[in-house]
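Keep in mind that the numbers below use all heavy atoms, side chains included, and drop hydrogens, waters and symmetry copies. Throughout, protein chains are lettered first and strands after them, A, B, ... in sequence-line order, and every chain is numbered starting at 1.
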2 protein chains.
Amino acid sequence: MLEGKQPDEKQDFASSDDGALAVRRLKLWIRMLGVTRLVENQLREFLRVGHDTTLPRFDVMATLHRRRDGLSMTELSRTLLISNGNATAVVDRLVRDGLVRRIHSDTDRRRVTVILTPEGVTQFEALAVRHRATIDRLFAQLDDEDLDMMRDVLRRLRGDLTGESGG
Amino acid sequence: MLEGKQPDEKQDFASSDDGALAVRRLKLWIRMLGVTRLVENQLREFLRVGHDTTLPRFDVMATLHRRRDGLSMTELSRTLLISNGNATAVVDRLVRDGLVRRIHSDTDRRRVTVILTPEGVTQFEALAVRHRATIDRLFAQLDDEDLDMMRDVLRRLRGDLTGESGG
DNA sequence: CTAAAAAATTTTAAGCTTGAAATAATTATG
DNA sequence: CATAATTATTTCAAGCTTAAAATTTTTTAG
């Protein structure tokens, strides 16, 4: 019963105009996921062999470096789009290794502020330069026009995915 | 020595033309990673509440559904860009749940072919329809022009990342 | 034929990740 | 003030993931 579609089949889906578009969107997602994984695998390799660290650790340290006065655990996990328990685990190991420090708030004793140690800052900054160079190499094909276009499309997508208003 | 760039500084980097481009590429990567995670989180939620399964399981089953005569463990892990040990773990659980079967080759006793069971086929096909609809909704903003453009850029990126020749 | 090399898979240890439950502290409500 | 609801974080069990080592089998070279 797949063939013989009647023309009077009303296409009243809110989002999908016809099946062909839906298929193209699915294929795009698969392609996008594949490229993301390839890049992640390259970055993982770079971090492992060159700097004896991992992607999740790098992500946490990058976030803490951008927000030098620290973040709460909740802010950290929301920024990185990971679960709260996951944040705890990664931060635990970074604390163990002396790269990150937990500061317990005096005014609200539930709250913890996570912050890079001086050693963490030093290590991250050394890393960040080479990380950026690695990304630059992997994305070397993309010129300003490509970047404009991708940025616009990804912005629109993120708008939808975060409920349109903020993010 | 960063300022006062002489015009005769030959830009003979293969990939990077100037710092501004490098920064834009880095920002694009961060944006792309964010959108990918948002989509993955939505899909994870959809699979969990609606179908009591997970993203890695879905990925394996989708691959096996596309290649109905089965794949070896090596082919499977390479297709999904995951490690061989990871593939073993996910397949183990799918076998335990009766959705996937391992067939040991007679001619090469190292080789294992992994294939969906009839129950696996049934379950996946029910899932796939709703999965596609979910993607279609999440990517509803993208029209044919967007899809063309994204496909081209992602193709170029993948070319670089897989060594240009094949993939 | 035999030993070495290569190939396919599994096992292992460590770390990553999630969602849910538990803990602890603060704020809101009567 | 008491207690209910909320907020912040950690703990927990299960599953995911990797890289490296181990196992088993096949292929290659002598």
**OP:** Could you state the atom-to-atom distance from CG of A:Leu71 to C1' of D:dA8 in whole Å?
**Re:** 14 Å
Subject >> A:Arg96 CZ to C:dA14 P, straight-line distance once rounded to whole Å >> reply: 11 Å
Subject >> Sequence neighbours excluded, every pair satisfying ring pair (Phe, Tyr, Trp, His ring centres under 6.0 Å) that has a member inside residues 71-113 of chain A >> reply: none
Original post:
Starting at CG of B:Asp52 and ending at C1' of D:dA14, how long is that distance when rounded to a whole Å?
Top reply: 13 Å
Shorter than 3.5 Å, N or O on both sides, protein versus nucleotides 3-5 of chain C: list them out with atom names.
none

Original post:
Looking at residues at least two apart in the chain, or sitting in another chain, which of them share a side-chain contact (heavy atoms from CB on, under 4.5 Å) with A:Asp146?
Top reply: A:Leu142, A:Asp143, B:Val153, B:Arg156
Subject >> Selection residues 82-92 of chain A - residue pairs positive for side chain to side chain donor-acceptor pair (under 3.5 Å), sequence neighbours left out >> reply: A:Asp92-A:Arg102
**OP:** Write down the distance between CD1 (A:Ile103) and C1' (D:dA8), rounded to a whole number of angstrom.
**Re:** 16 Å
Subject >> Side-chain hydrophobic cluster, 4.5 Å single linkage: members besides A:Val49 >> reply: none
**OP:** Report the residues that fulfil side-chain hydrogen bond (donor to acceptor under 3.5 Å, both in side chains) with A:Arg78, sequence neighbours left out, ordered by chain and then residue number.
**Re:** none
Subject >> For DNA chain D, the residues among residues 72-80 of chain B that have a non-hydrogen atom under 4.0 Å from it >> reply: none
**OP:** Only counting residues at least two apart or in another chain, list the ones meeting ring pair (Phe, Tyr, Trp, His ring centres under 6.0 Å) with A:Phe46.
**Re:** A:His51
**OP:** Determine, for nucleotides 17-26 of chain D in 5'-to-3' order, which nucleotides have protein heavy atoms under 4.0 Å from the base (write B), from only the sugar-phosphate (write S), or from neither (write -).
**Re:** BBSS---BBS
Subject >> the helix from C:dC1-D:dG30 to C:dG30-D:dC1: angle between end helix axes, five pairs per end, rounded to 10 degrees >> reply: 10°
**OP:** Check side-chain hydrogen bond (donor to acceptor under 3.5 Å, both in side chains) between A:Thr117 and all other residues, then give those that pass, not counting sequence neighbours.
**Re:** none
**OP:** Take the protein atom CG of B:Leu94 and the nucleotide atom C1' of D:dG15, then report the distance between them rounded to whole Å.
**Re:** 12 Å
**OP:** Could you list who else is in A:Val129's hydrophobic cluster, with ILVMFWY side chains joined at under 4.5 Å, directly or through other members?
**Re:** none
